[in-house]
Amino acid sequence: MLAANNRLTSRDQFARVTRSSIRSTTPTLVGYLAIEPTLSSPKIGFVVSRVVGGSVTRHRVQRQLRHASRDAMHILPQSSMVVVRATKKETDAHGEIPKLFSALSKKVGR
RNA sequence: AGAGUCGCCCGGAUCACCGCGUUAUCAGUGGAUUUAUUUCGACUGGUACCGAGGAAAGUCCGGACUCCAAUGGGCAAAGUUGUGGGUAAUUCCCACCCGGAGUAAUCCGCGGGAUUAGUGCAACAGAAAGCAGACCGCCAAUAGCAAUAUUGGUAAGGGUGAAACGGUGGUGUAAGAGACCACCAGUGCGCGAAGCAAUUCGUGUAGCUAUGUAAACCCAACUUGGAGCAAGACCAUGCAGGUAGCGUUUGAGUGUGCCCACACGAGUUACCGGGUAGGUUGCUCGAAUCUGUAAGUGAUUACAGAUCUAGAUGGAUGGUGAUCUCGCUAGCAAUAGCAAGACAGAAUCCGGCUUAUAGGGCGACUCUUCUU
């Protein structure tokens, strides 16, 4: 689980991140990243739509993503805001999240 | 032993590491405030307690709660519909009545009125489907050698249909017919008995005797103010007005749709344009849960004792691993796979209903067969 400080909590922040040009994809996930210089630790948000499944399935997927993100958060730059969008029902969260985050970090570095 | 009916309950357990949310408490950091380490809120870390369901679901009923300045009468509209009871209340629940299904336990019923209002509809088939009539028949008269034809009588028999003008037997007759008689069935009316009542039983009487449809209009009785926690309250932030209509005691508008009365009453409605869309509260102790006793056929009620049991807001209630005991799928098996595996995730809160549900447990009852 993510600490409250590491979550995206408003509509504005989500909108800004998803408009960002820094993007990456894995078979079941899409990641967006935006740099916010004032932050001291990353903020992460999730978008899990109806495509993924019913209410129970969506919650389940979102929790697995959050736990995986916590373990992989050290990969990200400190001042980044990230949105992860799930696109399919079957998700290997613990395998794909680290790959996604490192891919995003590389793009920032360029 | 087999087949079946009904009701109730459960919806994995234990452990390890890591993590999230509310509350309480301790420590620290920096801030505002004060005579005062006095008060307030913020952040970080530690500890403790608690942290999804039987349906949290559908949002179909009923309430609590909140606001609308929650007035009276009439009309309209909507809803309900056997009787009695239960409840805060109900389109819910219980008991009973009536009708239907089943050998039975039991189940099903959108169950007021079609004979004290009226209108309408009934496909196809059939002669005929509310009122008037007869296709094949049967009988009589007339005509004819005869086959048959015409006129009249008749509704027992045949055939159609979901439904056909009570049924059986007799008397009667040209042939027949409730035309008449006996028994039977139904309906209406009267009387008596049982029941709070729906209704039931008995008895007398009238020759009174086709049906369905009110999930057709309609009629009767009863009920009903509106909007909803995005209700509502407070704080913070921010802006810019313009045009047109109707009005200011000759009264716009509000008080649910229309009308009348009454009350309030100076703005209000539409369009164009602009601003904010952040926080606190409501927010969980309640028609509460569990246990026991008593009353009642039962729904339920009364009393006593014990308990405190989610409160999130981009939205916590979890992730990973192990063991036990289950389940499903595959396989001869060892075993392997599967979100522990079904349905499914609180959002103001309760009471119901409906729908979904892997697998399992308990109890009561009915029928059949066998044994003693």
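No experiment lies behind these values; they were computed from the predicted model shown. Labels below follow one simple rule: chain letters A, B, ... track the order of the sequence lines, proteins then strands, and each chain is numbered from 1. Heavy-atom basis, side chains included; hydrogens, waters and symmetry copies ignored.
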Chemist: If the C1' atom of A198(B) is compared with that of U83(B), how far apart are they to the nearest Å?
Modeler: 4 Å

Chemist: Measuring from the side chain of Thr57(A) (C-beta onward, heavy atoms only), which nucleotide among G315(B), G319(B), A339(B) has the closest atom?
Modeler: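 In terms of side-chain proximity for Thr57(A), the closest of G315(B), G319(B), A339(B) is A339(B).
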
Chemist: Need the pair for A197(B). Rule: Watson-Crick or G-U wobble, both distances under 3.5 Å, any strand; none if unpaired.
Modeler: none

Chemist: Let me know, please, whether Val48(A) or Asp71(A) comes out on the 5' side of the other along RNA chain B by nearest nucleotide.
Modeler: Asp71(A)

Chemist: Hey, is the main chain of Leu76(A) close enough, under 3.5 Å, to the side chain of Ser80(A) for a donor-acceptor pair?
Modeler: no

Chemist: From the set C18(B), G345(B), G318(B), return the single nucleotide nearest to any side-chain atom of Arg70(A).
Modeler: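 Nearest to the side chain of Arg70(A) among the choices is C18(B).
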
Chemist: Any strand counts, and the cut-off is 3.5 Å on both contacts for Watson-Crick or G-U wobble. Which nucleotide pairs with U44(B)?
Modeler: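 For U44(B), the partner nucleotide comes out as A27(B), under the 3.5 Å rule.
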
Chemist: Only pairs with both distances under 3.5 Å count, Watson-Crick or wobble alike; so what is the partner of A89(B) in this structure?
Modeler: none

Chemist: Is there a side-chain contact between Arg58(A) and the phosphate of G315(B), meaning an N or O under 4.0 Å from OP1 or OP2?
Modeler: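 For G315(B), neither OP1 nor OP2 has a side-chain N or O of Arg58(A) closer than 4.0 Å.
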
Chemist: OP1, OP2 of G315(B) versus side-chain N and O of Arg7(A): anything below 4.0 Å?
Modeler: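 For G315(B), OP1/OP2 do have a side-chain N/O of Arg7(A) under 4.0 Å.
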
Chemist: So, does Lys107(A) use its side chain to make a donor-acceptor pair with the main chain of Arg23(A) at under 3.5 Å?
Modeler: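 The answer is yes, because a donor-acceptor pair under 3.5 Å joins these two groups.
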
Chemist: In whole Å, I'd like the distance from the CZ atom of Phe46(A) to the C1' atom of G318(B).
Modeler: 13 Å

Chemist: Going by side chain to side chain contact (heavy atoms under 4.5 Å, CB included), name the residues that satisfy it together with Ala72(A), two or more places apart in sequence or in a different chain.
Modeler: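 Result, side chain to side chain contact (heavy atoms under 4.5 Å, CB included) vs Ala72(A): Ile75(A), Ile97(A), Pro98(A), Phe101(A).
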
Chemist: Which residue, Val47(A) or Ser55(A), contacts RNA chain B at a nucleotide closer to its 5' end, judged by nearest heavy atom?
Modeler: Val47(A)

Chemist: Distance check, C1' atoms only: A214(B) and G112(B), in whole angstrom units.
Modeler: 10 Å

Chemist: Is it the case that the side chain of Asn6(A) and the backbone of Lys43(A) share a donor-acceptor pair, with hydrogens and angles ignored and the cut-off at 3.5 Å?
Modeler: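 Checked: no pair found.
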
Chemist: Tell me the partner of G327(B), counting only Watson-Crick (N1-N3 plus N6-O4 or O6-N4) or G-U wobble (N1-O2 and O6-N3) with both under 3.5 Å; none if nothing fits.
Modeler: C338(B)

Chemist: Restricting to side chain to side chain donor-acceptor pair (under 3.5 Å), what partner residues turn up for Ser24(A), sequence neighbours left out?
Modeler: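 Expected list: none.
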
Chemist: If two hydrophobic side chains count as joined below 4.5 Å and joins carry through other members, does Met73(A) share a cluster with Ile35(A)?
Modeler: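 As far as the 4.5 Å side-chain criterion goes, Ile35(A) and Met73(A) are connected within one cluster.
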
Chemist: Please report, rounded to the nearest Å, how far the C1' atom of U317(B) is from the CZ atom of Arg60(A).
Modeler: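 Value for this atom pair: 15 Å.
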
Chemist: For a quick test of reading the model: is some side-chain N or O of Arg63(A) closer than 4.0 Å to OP1 or OP2 of U317(B)?
Modeler: yes

Chemist: Given the rule in the side chain to side chain contact (heavy atoms under 4.5 Å, CB included) test, do Thr28(A) and Glu96(A) qualify, once you have shown the distances and angles that lead to the verdict?
Modeler: CA-CA 8 Å; Thr28(A) 61; Glu96(A) 291 191 17; 2.8 Å; yes

Chemist: How far does the C1' atom of A36(B) sit from the matching atom of A48(B), given to the nearest Å?
Modeler: 34 Å

Chemist: Checking base pairs now: Watson-Crick or wobble, both atom distances under 3.5 Å. What partners G21(B)?
Modeler: C50(B)

Chemist: Extract from the structure each pairing of a protein N or O with an N or O of nucleotides 53-58 of chain B at less than 3.5 Å, listing the distance.
Modeler:
none

Chemist: Hey, what do you get for CZ (Arg66(A)) to CD (Gln62(A)), rounding to the nearest 0.5 Å?
Modeler: 5.0 Å

Chemist: For nucleotides C110(B) and A304(B), find the distance between their P atoms and express it as a whole number of Å.
Modeler: 43 Å

Chemist: Rounded to whole angstrom, note down the C1' distance from C326(B) over to A230(B).
Modeler: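 The same atom, C1', in both gives a distance of 47 Å.
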
Chemist: Give none if G267(B) has no partner; otherwise give the nucleotide forming a Watson-Crick or G-U wobble pair with it, both distances under 3.5 Å.
Modeler: C246(B)

Chemist: Applying a 3.5 Å limit to both distances, which nucleotide forms a Watson-Crick or G-U wobble pair with C96(B)?
Modeler: G82(B)

Chemist: Only pairs with both distances under 3.5 Å count, Watson-Crick or wobble alike; so what is the partner of G118(B) in this structure?
Modeler: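 Base-paired to C217(B).
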
